[in-house]
Amino acid sequence: MLGLMQNWPLLIHKIIDHAASQHPDREVVSRSVEGPIHRIGYRDVRRRALRCASRLVKDGIKPGDRVATLAWNTWRHLESWYGITGMGAVYHTINPRLFPDQIAWIANHAGDRILMTDLTFVPLLEALADKLPTIERYVIFTDDAHMPPTKLKNAVSYESWIAEGDEDFRWAEVDENAAAGLCYTSGTTGNPKGVLYSHRSNVLHSMAMCSPDCLGLGARTTILPVVPLFHANSWSIAFSAPMSGAKLVMPGARLDGASVYELLESEQVTVTAGVPTVWMMLLQHMEKEGRRFSSLKRAVVGGSAAPRAMIETFESVYGVEIFHAWGMTEMSPVGSIGSIKPALGDLKGAALFDVKQKQGFAPFTVEMRIDDDEGNPKPWDGKTFGRLKVKGPAVAAGYFKGEGGNILDANGFFDTGDIATIDEHGFMQITDRAKDVIKSGGEWISSIDLENLAVAHPDVAEAAVIGVFHPKWDERPLLIVVPKEGRECTAKDILTFMEGRIAKWWLPDDVQVVKEIPHTATGKINKLKLREAFKIYRLPNT
Ligand code: AMP
């Protein structure tokens with residue numbers, strides 16, 4: 001027997017309809033690429049998204065077609081997602097930090113027909129346009145007054161383009177399982193692979209993200225996503241903020257510590273989200289300038305492991321609660337987040353930070369397990385490592401155009417490629433990417449643990465650990481550090497600091513001090529590049 005409830009497909013346009021009707025004047029505040037701060041309410045975001053949707057139809061875009069965006073976080077970029085999905089097409093976010101050839105590769109693989117972009121990226125695209133044969137038109141997120149002279153095909157300013165659109169457009173009523181968004185994974189091995197979100201997966205994931213143990217969004221929240229819309233679906237914020245009626249503060253192109261701090265304060269932001277490198281810049285700025293937060297309550301940190309020292313500084317020095325999150329593009333992207341369960345009691349000091357350093361527990365919509373190599377489940381004891389696998393309505397079932405073949409195991413779980421422990425309370429802790437773990441004499445050493453410990457040293461700004469060849473142990477850890485501005489570090493000093501804080505056999509065999517550690521386009525330490533840089537390096541006494 002079926003239930004007798006209405007069929008209300010989970011379509012993305014329902015989110016902006018809801019925001020426009022319940023929170024019409026709640027603001028989206030952006031630092032525009034042109035410079036000034038721009039303000040708009042959700043009612044007008046919806047109106048303009050309708051114009052955008054109808055304008056795409058006029059340009060011949062059909063449901064299922066891909067429309068690329070290569071742009072910063074602003075109101076126009078936000079509107080475009082609702083416009084694109086609202087007529088049944090698919091937004092394809094492109095990360096501008098990728099190498100130009102990679103950008104061309106994914107735009108061609110996606111078969112993008114229109115590309116929407118910011119003024120910042122016009123020169124980049126002009127240099128690349130010959131390699132982008134599928135793009136029929138470039139829409140520049142600006143107005144005619146700021147439109148640069150350009151030879152980009154059929155280039156038009158977004159403002160003049162949507163002015164020809166129709167506010168009375170009717171949203172396309174597509175199947176809730178229809179494709180809505182496309183985002184390529186970083187592809188550290190082989191070519192990038194496209195993750196294809198559906199309307200339903202985005203709506204369900206965003207609903208989960210609003211809840212108090214996740215982003216904790218409500219009509220009284222003001223959220224600033226430092227995480228870009230082009231990075232893993234902006235951790236849901238383009239949907240979860242309007243869904244909950246939260247005020248949305250978009251930082252545009254300026255993500256340095258001073259600019260982010262200025263917006264956090266001027267807009268009285270209560271929740272923010274971003275990767276550790278961004279917070280590192282913010283904390284350095286605050287320390288240097290002697291600043292405090294007057295409104296910020298919660299900072300969500302994810303994308304790479306949040307160093308313990310960073311968590312402690314946010315909480316103990318600045319009174320901001322850290323929610324450590326883990327996820328991946330294939331998971332829409334959030335898979336776990338670190339709230340504190342009551343079973344843990346009233347934790348304080350080091351005991352609290354021990355838990356905060358873990359990547360948290362899975363929200364509803366994510367099933368999680370750790371398996372051995374044969375697919376047998378490992379115990380949740382907080383000590384046993386296993387391959388972390390996940391399942392849920394917002395987890396990829398395959399990649400775009402079937403790349404990579406079948407990606408689910410016999411139980412229908414997706415292997416994340418991460419190695420993790422899960423404790424008896426369900427708190428998961430990433431110990432490594434499967435390919436980064438250091439295998440020393442048949443035992444595993446976690447590079448993340450060593451990096452976390454190294455950055456707790458007062459003179460270390462950033463640290464990375466890679467495994468290097470050892471004739472007896474196969475691999476041993478090499479620690480690579482960048483000193484804080486104006487400070488110096490020595491290998492001896494750092495190793496003395498680490499001794500006694502970890503198992504003796506985990507202690508790195510050597511420390512190399514460098515000026516800079518390479519990062520990937522999504523702000524993670526680029527271990528592939530580091531390994532290449534240290535290819536001819538030999539450990540002392542080997
Ligand atoms: P991406 O799809 O580019 O966002 O990369 C996903 C990968 O980033 C995951 O599989 C993890 O290896 C890593 N990652 C994300 N969040 C964290 C975190 N909080 N701690 C450690 N690793 C993380």
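This chain uses plain numbering: 1 for the first residue, then up along the sequence. Everything numeric here is computed off the predicted structure, so don't read it as measured data.
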- Begin from the C-alpha positions of W380 and F427 and carry the test side chain to side chain contact (heavy atoms under 4.5 Å, CB included) through to its verdict. CA-CA 9 Å; W380 289 21; F427 284 79; over 6 Å; no
- Can I419 and W444 be said to form a side chain to side chain contact (heavy atoms under 4.5 Å, CB included), step by step? CA-CA 10 Å; I419 305 294; W444 288 4; 3.5 Å; yes
- Message: Go through it in stages, so that I can follow the logic: the residues are N526 and H519, the test is side chain to side chain contact (heavy atoms under 4.5 Å, CB included), and I'd like the CA-CA distance, side-chain angles, deciding distance and then a yes or no.
- Response: CA-CA 5 Å; N526 192 334; H519 289 98; 5.6 Å; no
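Contact detail for P393 and R200: the closest heavy-atom pair is CB-NH2, 4.4 Å. Across every non-hydrogen atom of I94 and A68, the tightest pair is CD1-CB, 3.9 Å. Across V366 and V334, no two heavy atoms sit closer than the pair CG2-O, 4.1 Å.
Cation-pi check for K348 over F353 is not met; the charged atom does not lie both under 6.0 angstrom from the ring centroid and within 45 degrees of its normal.
A distance-only check finds no donor-acceptor pair linking the side chain of T329 to the backbone of A232 [under 3.5 Å]. Although no hydrogens or angles enter the test, the distance criterion places a donor-acceptor pair under 3.5 Å between the side chain of H324 and the main chain of K358. Here the side chain of S206 pairs a donor or acceptor atom with the backbone of N202 at under 3.5 angstrom. Listed for the D509 side chain is no donor-acceptor partner under 3.5 Å among the backbone atoms of R476. At distances below 3.5 Å, not a single donor-acceptor pair connects side-chain atoms of T313 with backbone N or O atoms of V317. Counting only distance, with no hydrogens or angles, the side chain of N73 and the backbone of L229 share a donor-acceptor pair below 3.5 Å. In this structure, D510 contributes its side chain and L478 its backbone to no donor-acceptor pair below 3.5 Å. For K391 (side chain) and N411 (main-chain N/O), a donor-acceptor pair under 3.5 Å exists by modelled atom type.
No side-chain N or O of W505 forms a donor-acceptor pair with one of S440 less than 3.5 Å apart. A side-chain N or O of D432 and one of S447 form a donor-acceptor pair less than 3.5 Å apart. Inspection of the S236 and H205 side chains reveals no N or O donor paired with an N or O acceptor under 3.5 Å.
Between E321 and K356, at least one side-chain N (NZ, or NE/NH1/NH2) sits under 4.0 Å from a carboxylate O, which counts as a salt bridge. Under 4.0 Å is where a charged nitrogen must lie from a carboxylate oxygen, and between D372 and R387 no such pair does. A salt bridge is absent between R501 and D449: the closest approach of a Lys/Arg side-chain nitrogen to an acidic carboxylate oxygen does not fall below 4.0 angstrom.
Note that CZ of R308 is 9.0 Å distant from CG of N452, once rounded to the nearest 0.5 Å. With rounding to the nearest 0.5 Å, the separation of CE in M310 from CD1 in I322 is 8.0 Å. Here CG of D371 is found 7.0 Å from CG of N376. Values are rounded to the nearest 0.5 Å. To the nearest 0.5 Å, atom CZ of residue F469 and atom CD of residue E475 are 10.0 Å apart. With rounding to the nearest 0.5 angstrom, the OG1 atom of T431 is 12.0 Å from the CD1 atom of I445. Atom SG of C183 and atom NE2 of H92 lie 7.0 Å apart (nearest 0.5 Å).
Contact of the E403 side chain with the P192 side chain is not registered, since no non-hydrogen atoms from C-beta on lie closer than 4.5 Å. Residues L453 and M498 have side chains in contact (heavy-atom distance under 4.5 Å, counting atoms from C-beta outward). Considering only heavy atoms from C-beta on, V90 stays 4.5 Å or farther from I84 through its side chain.
Between Y184 and H109, the ring centre distance stays below 6.0 Å.
Relative orientation of the Y91 and W81 rings is parallel, given thresholds of 30° and 60° on the angle between their planes. Relative ring orientation between Y399 and F414 is described as perpendicular, the plane-to-plane angle rising above 60° on a 0-90° scale split at 30° and 60°.
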